[in-house]
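Notes follow the structure.
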Amino acid sequence: MFTRGTLIYIGQRLVLIVLAVLGVSSLVFLGIHRLPGDALFSEHLHGDQYQQTLHHYGLDRPLWVQYVNFLAGMIHGDLGESLVNRGVPITPIVLREMSVSAEIGLVALIFTVGIGMTFGVVAAIRQNTWMDYVLSTTSVIGYSMPNFVIATFLILVFGIWLDNFTQGTFYFQIGWPGRYGSIGAIWLPAFALGFPYASIVARLTRASMLEVIRQDYIRTARAKGLREAVIMVRHGLRNALIPVITILGPLVIGIITGGVVIENIFGIPGLGKEFANSILNRDYNIVIGVFTGYAALVGLANLGVDLLYVVIDPRIRY
Amino acid sequence: MAATAAAVVTRPIAPEQASLWSDAWRRLRRNRLALAGVIYLTLVVIVALVSAVWTPYSTFQVGVGIPYAAPNAHHLLGVDGLGRDTLSRLMAGAQISLIVGIGTQILVLAVGVPIGLAAGYFRGAFDQVVTFLINLFYGIPDLLVALILVFLLGPSLTNIIIAIAVTRWMDMARLVRGQTLSLREREFIEAARAAGAKPAKILFGHILPNALGPIIVQATFGVPAAILFEAFLSFLGLGVPPPTPTWGGMAAEGIVTIRISPAMVIAPSIALSLTLMAFNFLGDGLRDALDPRGRR
């Protein structure tokens, strides 16, 4: 499956990702220096103290020297240190938060594809029945609801109403327990993140499934006497999937950026939460780090999606 | 024999004088969901217009009710944390959502349509540059682009409209480019060119009117996308700055106190979702009505 050509392709893409990450972080680095306010303002540092702190971060040097130092640090994988929590290096923080965001995003993606494909296939098989109409309407409702609205209602239902109704027997802990693979704690945020995109997947699957099940090879499969379920899954769904995987790229980007809001609502310490915090704290070094992390995450996710094409559709080769 | 011919003549095959637009309007009216969307959106527009001159309480005045009060006879949707009437703010929030949604689409149309037309018609180097830019913008997460722009320009209504338009122009440009590419090969364009029409006349007089259907559908779907985007930005605290009421900002304020006053977050959430849904249903209806291939 992964031939030599594929490996070369992966290498090229990795180089491009590094360049894109450098580009994004440079843009943010240069842009952020035009912003008003600074993290040191609230500390009421005066005179020598202030100068020493500035010198500690190299902020007293000309912008181009700062930029060269920043680039040199980036190449060594060093994003500098936090302006607010002095002496705390940013790279490990960003890496840890990237892995948290990636885990939520991955679970959300499983929801998106799982729910979307199920809805789409059922709606296509039962075309023009009440089930089709209910599922199609649910899809429009789904992608008309911002993920924070879905999150709000999930919190209301699972965090508050069910808790009150069952006198606390059912209690959904909102937040992150600090463990990976803790599906019990993150299925709710992941659902809120994935559901709007599930609607898009459902519409696409339905349309492409409707086209596929009218093909001759489906009739041939029926004529062979195969069971309906086998026909639908092995012959129908497999081919219906091809248009669906083409939107996986934008979908993954949507899930990653949607995480900014969801992580803040559910208090999950991923990149999105750090993003909001660092902006409020005016901790510009972390803001740059977070954008760098996002650029890397998006690049790697897109690469993953492109490699997935090869797995699902053997006709695609790199 | 003669009788059959007369019968054929008296029973016209196609409805008389059915132009594309009246035909489309007839089909749109038959789509109940799209019609419900139109009615709801009309209501939202009326509410937005009314709120510009009258709201039950002042939109900005604090302390008109007990903070966090639940919905009651005086405050139909309750009171927010600063003692402002939620219904009044919800009504005024409709203005921002509509301005952002429609303003963004006007910008997107103004930028995307000419670029798409020119790229599709002239091809060559310009087309390659445009295609590259379109792919580039699709590759970058739109939320990050908008956030960087809002940082650089500063948060205000105009800048947010610009920031959203920057992340959305390529949808329109790509669509118009594709339409132009197929239309420019048609005979009537060749005839226009043979008759000596200038490129501007061909582009805006012949190609654009024939691509109008898909453009309208795309713009209709673009409005809810922009409204959603603004709600996102406001939710993150980077949208239209307070105290201007926006649905996203109201939901963000409300979610913090969801335990003590759920109405504060439910009201803007439902208003936002219904508006987005109405636009999406209308877009679906318009696509079915204007796209001849999709005729059932």
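Just so we're on the same page: letters track the sequence lines, and every chain starts at 1.
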Worksheet, complete the sentence: Looking only at heavy atoms, the pair that brings A/Ile141 and B/Met277 closest together is CG1-SD, 3.7 Å
Worksheet item: What residues of residues 233-250 of chain B sit under 4.5 Å from chain A when only non-hydrogen atoms are counted?
Response: B/Phe235, B/Leu236, B/Gly248
Worksheet item: Atom CZ of B/Phe232 and atom CG of A/Asn147: how far apart are they, to the nearest 0.5 Å?
Response: 3.5 Å
Worksheet item: What part of B/Leu228 is in contact with chain A, defined as an atom under 4.5 angstrom from a non-hydrogen atom: side chain, backbone, both or neither?
Response: side chain
Worksheet item: Between CD1 of A/Ile253 and CG of B/Asp142, what distance do you get to the nearest 0.5 Å?
Response: 8.0 Å
Worksheet item: Any side-chain heavy atom of B/Asp284 within less than 4.5 Å of one from A/Arg203?
Response: yes
Practice prompt. State whether the number of non-hydrogen atoms from other residues, nucleotides or ligands found under 6.0 Å of A/Arg126 atom CZ is greater than 12.
Written response: no
Item to complete: Nearest 0.5 Å please: distance from the OG atom of A/Ser139 over to the CG atom of B/Asn280.
Response: 11.5 Å
Practice prompt. Enter the distance from B/Ile255:CD1 to A/Ile265:CD1 here, rounded to the nearest 0.5 Å.
Written response: 4.0 Å
Practice prompt. Check whether B/Ala251 gets within reach of chain A through its side chain, its backbone, both or neither, counting any heavy atom under 4.5 Å.
Written response: side chain
Response to the item:
When the 4.5 angstrom heavy-atom criterion is applied to A/Pro250 and chain B, the contacting part is neither
Discussion item. Rounded at 0.5 Å granularity, tell me how far OG in A/Ser144 sits from CZ in B/Phe281.
Written reply: 6.5 Å
Worksheet item: More than 12 heavy atoms of other residues, nucleotides or ligands under 6.0 Å from CD of A/Glu211: is that the case?
Response: no
Item to complete: Could you please state which residues from residues 259-272 of chain B sit under 4.5 angstrom from chain A, measuring non-hydrogen atom to non-hydrogen atom, sorted by number, or 'none'?
Response: B/Arg259, B/Pro262, B/Val265, B/Ile266, B/Ser269, B/Ile270, B/Leu272
Worksheet item: Which one, A/Asn264, A/Val260, A/Thr137, A/Ile256, leads in non-hydrogen pairs under 4.5 Å with chain B?
Response: A/Val260
